[in-house]
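Quick notes on the structure that follows.
Heavy-atom basis, side chains included; hydrogens, waters and symmetry copies ignored. First the proteins, then the strands, lettered A, B, ... as listed; each starts at 1.
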Amino acid sequence: MKQDSHDLFSPASPARSVPVLVPMPAATPYSYSLPDGMVAPPGSVVQVPLGPRKVVGVVWDGGENAVDARKLRPVEKIFDCPPLDPSMRRFIDWVASYTLSPPGLVARMALRAPAAFDPEPMVEGLRFCGHEPDKLTPARRKVLEMAADGLSWTKSGLAHAAGVSTSVIDGMVKQGVFEQVFLPPPPLVAPPDPDYAPHRLAGRQMDAAEIAVDAVKARDFSVALIDGVTGSGKTEVYFEAIAECLRQGRQALILLPEIALTTAFLDRFHERFGAKPAEWHSDLATRTREKVWRQAATGEIRVVAGARSALFLPFENLGLIIVDEEHDPAFKQEDRVFYNARDMAVVRGRLAKVPVVLVSATPSVESQVNSQQGRYTRIHLPTRFADAAMPDLHLIDMRRHPPERGGFLSPVLLRAVGKTIERQQQALLFLNRRGYAPLTLCRVCGHRFQCPQCSSWLVEHRFRGQIQCHQCGYAEPTPQACPECGTLDHLVACGPGVERIAEEVERHFPDARTLVLSSDLGGVKRLRLELEAVARGEADIVIGTQLVAKGHNFPLMTLVGIVDADVGLANGDPRAAERTFQLLSQVTGRAGRTGLKSHGLLQTYQPQHPVMQAIVSGDADAFYEREIVEREKAILPPFGRLVSIIVSADSRAEAETHARQLRQAAPQASGISILGPAEAPLAMIRGRHRFRLLVHGRRGSDMQGFVRAMLDNGPKERRSIQVQVDVDPQSFL
DNA sequence: AGCACGCCGACT
DNA sequence: GTCGGCGTGCTC
């Protein structure tokens, strides 16, 4: 009826219009007119004009708002690629409303492959068509032998197979020996074979694998949490779920923190399935990226191993999502669209009706709680596989075994390092602090080097000759003189960073091969190469920041020294204990997988601290559940309820709109409040709300100053603050 | 998000 | 006299 009355007011020949999500921060899709004869069902990937440029958008269903028909511009082109299916579209809508992001920007994450939307061009190929060449040289004979089967070859492929140069083939083409054919582009990766190398699971692992496999067999949404110490066989267990998924002819997605996407992982997959999975991460070459996108969309690629953004690939027939290292903070994206890929994986699984498997040696508190409450199936792997023993762990009480003057390494740890390298084994010294020293000050006037943009300490990087801000990226060359009093050569470095530890190590072990592994020393590629070199034994002493804790195994590493185990315990983060526990467990888990006797030594000034005690006691798992989960449950907002506070300094109305969207999206959520810059700090102090502050502002803008102004209830700045807490996605499904 | 327009400071 | 910094506004 409404439709009819609407038609009365429509022009005689109404232009057909379609809603299109464009890569722009608009709340709703834009409308475009559809030229006669063009068919664009929802999900179609299209090219549309937007202002002065052409952009890629997606035809949407619903959300269209009224707009003057004269403003409509036509859809220019529909790409010849599979449309985004309804579950993917609902996923994009869901993520947009949950993260309070414009849907167009979420959709853009699913279309991050510049030229992948048209089919890959056919590859030119050659086929033997019966004509013999007039002169049959030895080289030509070899080519004919290879091509006699009448199958199609690429020119370079045939030349390579026959062991001749391509010019031999060029000559034969001229004589009409070959006809030109067009071949479909070759698949990026070979299809993995679920039965390539049978698993070698035993006992509890078999039971665990059965649960995971059954979840895949059910072909429905479920969430399982696999937890077990490093080396307990978690990967092998979820490989069985992937094998089942492949047998069903469906696609599997493995999400990993970017740094854990190592060749070691890919090789392991290869050994089990006879082929590598397709990779997806920020460092991919454009061409490869496009191929992966396209072949995931067509279903050609069966398994993708990728960083968080792989969650937005448009799989043709998704059957399983794995989130490995699910506790890892790297799954959080904290720019543009803010999301946690672990949570969104659960949502995508729900909408696509596929099982999700979360995997970690140290599960996040959220996942622990969800499994305790029975929403996630718990799959616990209690021990290490075969003879891979856990290292024995000891605390070094730094009050009793202090380092020598000017040093940071206890004599106990130094002795252990010496013995380890004498045995031709490797030692890892872990310190979660990049650079040379976290603070520099002037010995004459006491001036402390502070970031001019955000007021955190500037960290000296001696290797690069710079002092840097680890908060905002500000950097300047290390000065010789104090900017305050002008005194030369009286600047003093305070506290250790990995570079300074390396200096100390080199002083004690001048003949050892020492290597610093830190994220600021080159890109992902270089880092991977260095990790592999270490795994092959090409270093004796490795000094690393937290990146060494992630995913990579060092078979020759029999000593792990934690230089400053207390770092991070007192930084005010409500998750400090959880983070410290996870990080130190992951690091100490790197050692002890060789069957050789291995050790972990934790330097600490707080040997009585419950986290330290738990890590060195064999009862860490129980402690983690009992103490950390219980404590942090009390600190964090009630699970199953969303507490989101939007503080808006410039537009109360905008904040109201966001809150309304939130309440609509999650009617069962409670505790949404809007707090102005004056109320927010009070609420924080009174402890009614716990939250992280996310301050949005341009680089170079004085965000710290704004927060200060906010805390002082000062003048309203033209910036907005959005405050969100980590919540549990399950309750919104 | 991108891109154009538009207005004030240091330089070929 | 211009180049270029970023503030503001607009895109179906």
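- Residue Val459(A) comes nearest to Gly435(A) through the heavy atom pair CG1-CA, 4.3 Å, listed as atom of the first residue, atom of the second, then distance.
- Panel note: side chain Arg308(A), backbone Lys332(A); a donor-acceptor pair is recorded below 3.5 Å.
- Remark: side-chain polar atoms of Tyr32(A) are not paired, donor with acceptor, to backbone N or O of Val59(A) under 3.5 angstrom.
- For Asp68(A), the CG atom is densely surrounded, since the number of other residues' heavy atoms within 6.0 Å is greater than 12.
- Atom C1' of nucleotide dC12(C) and atom CD of Gln47(A) are separated by 16 Å, given to the nearest angstrom.
- In this structure, Pro49(A) reaches the sugar-phosphate backbone alone: every heavy-atom distance under 4.0 Å involves primed, P, OP1 or OP2 atoms, never a base.
- Taking atom CG of Asp68(A) as the reference point, atom P of dC10(C) lies 16 Å away to the nearest angstrom.
- Protein atom CZ of Arg73(A) is 12 Å distant from nucleotide atom C1' of dC10(C), rounded to whole Å.
- OP1 and OP2 of dA1(B) both lie 4.0 Å or more from every side-chain N or O belonging to Arg112(A).
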What's touching nucleotides 3-7 of chain B from the protein side, N or O pairs under 3.5 Å?
none

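- In this structure a side-chain-to-backbone donor-acceptor pair under 3.5 Å is missing from Glu258(A) to His281(A).
- Cation-pi check for Arg342(A) over Phe331(A) is not met; the charged atom does not lie both under 6.0 angstrom from the ring centroid and within 45 degrees of its normal.
- Rounded to an integer number of Å, the gap from Met24(A) CE to dG9(C) C1' is 12 Å.
- In this entry the distance linking NZ of Lys54(A) with C1' of dG2(B) reads 16 Å, nearest Å.
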